[in-house]
Amino acid sequence: MAYWLIKSEPDTWSWDQHMKKGADAWTGVRNHQAKAHLNAMKKGDKAFFYHSNEGKEIVGVSEVVKEAYPDPTDKTGAFVCVEFKAVEPVKTPVTLATVKAELPDMVLAKNSRLSVQPVTADEWKKIRKLAGLK
DNA sequence: GCCAACGTTGGC
DNA sequence: GCCAACGTTGGC
């Protein structure tokens with residue numbers, strides 16, 4: 001099982017909306033690095049849900065329910081999307097400042113613009129702990 | 001609201 | 001195929 005981090009601006013798609021909806025397609029990715037990560041995702045993989053701009057913190061955990069397929073919002077057909085379902089909200093949001101302090105090597109701390117990022121097993125465990133999850 | 005970092009575009 | 005110009009993202 002692999003771990004990921006997906007970002008969303010709460011103005012566009014927030015964790016609250018995600019939880020209410022249950023499962024939804026993660027569309028709108030227009031970056032080839034991010035696309036490569038989406039293609040690598042397998043059903044059952046877990047991902048942290050991160051709010052950019054507003055909050056700048058990890059607010060929940062999602063799970064891949066449908067692997068990469070052509071993004072219906074992309075007319076060119078070049079990009080893909082993945083479907084996620086909300087699994088659990090965090091007890092304590094993990095802010096970008098905390099990530100930078102505790103996990104300075106994370107992609108999030110180094111390349112904050114990438115919208116889909118891989119997370120290592122060690123990083124996953126550490127962030128879960130910081131977030132108050134088992 | 002500003003600006004740095006990054007990706008993409010387009011002229012040559 | 002290089003690189004300058006431009007647009008976008010996202011932290012501050």
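Just so you know, these numbers come straight off a predicted model, no measurement behind them. Note on naming: letters A, B, ... go to the chains in the order of the sequence lines (proteins, then strands), and numbering restarts at 1 for each one.
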dT9(C) C1' sits how many Å from His51(A) NE2, rounded?
17 Å
Less than 4.0 Å between a side-chain N and a carboxylate O, is that true for Lys134(A) and Glu88(A)?
no
Does Lys46(A) qualify as a cation-pi partner of Phe48(A), given the criterion of NZ or CZ under 6.0 Å from the six-membered ring centre and within 45 degrees of its axis?
no
Counting the atoms with a prime plus P, OP1 and OP2 as sugar-phosphate, which does Leu96(A) contact under 4.0 Å by heavy atoms, base, sugar-phosphate, or nothing?
sugar-phosphate
Distance, rounded to the nearest Å, where Asn111(A) contributes CG and dT8(C) contributes P
19 Å
Round to a whole Å and report the spacing from NZ of Lys110(A) to C1' of dC6(B).
16 Å
Can you pull out the residues from residues 24-36 of chain A that lie within a 4.0 Å heavy-atom distance of DNA chain B?
His32(A), Gln33(A)
Test: Asp71(A) and Arg30(A) ion pair at under 4.0 Å:
yes
Atom CG of Leu114(A) and atom P of dG7(B): how far apart are they, to the nearest Å?
8 Å
Check for me whether the distance between the ring centres of Phe84(A) and Trp4(A) falls short of 6.0 Å.
no
Between C1' of dG7(B) and CZ of Phe79(A), the distance in whole Å:
11 Å
Rounded distance (Å) that lies between atom C1' of dC3(B) and atom CZ of Arg113(A)
12 Å
Same apolar cluster (I L V M F W Y, side chains within < 4.5 Å links), Tyr50(A)/Ile6(A):
no
Under 4.0 Å between a side-chain N or O of Lys100(A) and OP1 or OP2 of dC12(C)?
yes
With distance as the sole test, does Glu67(A) use its side chain to make a donor-acceptor pair with the main-chain N or O of Ala40(A) at under 3.5 Å?
no
Could you tell me the separation between the CG atom of Asn53(A) and the P atom of dT8(C), rounded to a whole number of Å?
15 Å
